2 protein chains.
Amino acid sequence: MNQVESNHSRTAVCTEKKENTDKLSSKYNCPIEATLDLIGGKYKSIILWHLTNGTLRFNELSKVIPQATPKMLTQQLRELENDGLVNRVVYPVIPPKVEYSLTDFGKSIIPILDSMCTWGTRYLRDFKCD
Amino acid sequence: MNQVESNHSRTAVCTEKKENTDKLSSKYNCPIEATLDLIGGKYKSIILWHLTNGTLRFNELSKVIPQATPKMLTQQLRELENDGLVNRVVYPVIPPKVEYSLTDFGKSIIPILDSMCTWGTRYLRDFKCD
DNA sequence: CCGTATCCGCCCGGATACTG
DNA sequence: CAGTATCCGGGCGGATACGG
């Protein structure tokens, strides 16, 4: 049996359905690609992670992600909002106040963020902070 | 106390060291950024995941990641190799044979890949394959 | 304060052709 | 088979200025 085709029992769930829902599922050869479509954006997982501790306002996010320009931050936040991962609440006050938080769906990816954080922390400690 | 600065006890490990190793650590405001530097490339986590089941040859990777051109696949593999995540073994035979596999360091990120895969599978099942 | 609008450089990444 | 070489277009993303 061919090694390439026999690999990855973990994709079985999706590949089995490939015949039924060709248009949607044929897009991905593995579930990770679907995940990346949602959180693969340049600042998305960083944004999400900063929101795991609670609600943040726009310029609070700006401060903890200084490398992201307002344009980029807005763009990524809008995509996250459209994909149902974050809530955007506008308070009609002056000066304006907008709060971002994780939806329940957004909270479901916390395990991914945690594993990335855990690994990154260890990596920085063992290889970069000597 | 300021909300922004008081957030994220999980980054404490790194932020504490910021004064000591300014050049290296000041690059990141959170560990996730370090992780993304290594596996944030366009096809990197997909490549790594396909290698979790064992060694694969170049054109086996091509088949499971058809959207990646040979150029892109090579580039991403070289970066993964330079970062110590994958092994590249060249067999001096004709026709050529090159095998890619995870290093021990590369295997250490499997938890991340697993969580991404688990989440992606559930997402596809619950929202895309109806 | 929270964005949008506009301009624009750059490089990511695809297509194609070619080699050891 | 496992890549390189070359060209090139599109869009990512930065800088700046402005608006509600």
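Letters go in sequence order (proteins before strands), and every chain restarts at 1. What you are looking at is a predicted structure, and each value in this text was computed from that prediction instead of being measured.
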- Answer yes or no: does a side-chain N or O of A:Thr69 lie under 4.0 Å from OP1 or OP2 of D:dG14?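 Result: yes.
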
- Counting just side-chain N and O atoms, does A:Tyr43 come under 4.0 Å of either OP1 or OP2 of D:dC12?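 For A:Tyr43, the contact criterion (side-chain N or O under 4.0 Å from OP1 or OP2 of D:dC12) is not met.
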
Would you find a donor on one side and an acceptor on the other, under 3.5 Å apart, between the side chain of [X] and the backbone of [Y]?
| X | Y | result |
| --- | --- | --- |
| B:Gln76 | B:Tyr43 | yes |
| B:Asn87 | B:Tyr100 | no |
| B:Glu60 | B:Arg57 | yes |

- Message: When you group the ILVMFWY residues by side-chain heavy-atom contacts below 4.5 Å and let the links chain together, are A:Val90 and A:Val86 in the same group?
- Response: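 Yes, A:Val86 and A:Val90 fall within the same hydrophobic cluster.
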
- Tell me whether A:Ile94 is reachable from A:Tyr91 by hopping between hydrophobic residues (I, L, V, M, F, W, Y) whose side-chain heavy atoms are closer than 4.5 Å.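 Different clusters.
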
Taking [atom1] from [X] and [atom2] from [N], how many angstroms apart are they, rounded to a whole number?
| X | N | atom1 | atom2 | answer |
| --- | --- | --- | --- | --- |
| A:Met72 | C:dG3 | CE | P | 15 Å |
| A:Gln75 | D:dC12 | CD | P | 7 Å |
| A:Lys42 | D:dG11 | NZ | P | 17 Å |
| B:Ile94 | C:dT19 | CD1 | P | 17 Å |
| A:Leu61 | C:dG3 | CG | C1' | 13 Å |
| A:Gln76 | C:dC2 | CD | P | 19 Å |

- Atom pair OG (A:Ser108) and CG (A:Leu102), whose distance is rounded to the nearest 0.5 Å: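 A:Ser108 OG to A:Leu102 CG: 9.5 Å, rounded to 0.5 Å.
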
- Message: How would you summarise protein contacts on nucleotides 1-7 of chain D per nucleotide, using B for base, S for sugar-phosphate only and - for none, with heavy-atom distances below 4.0 Å?
- Response: BSSS-BB

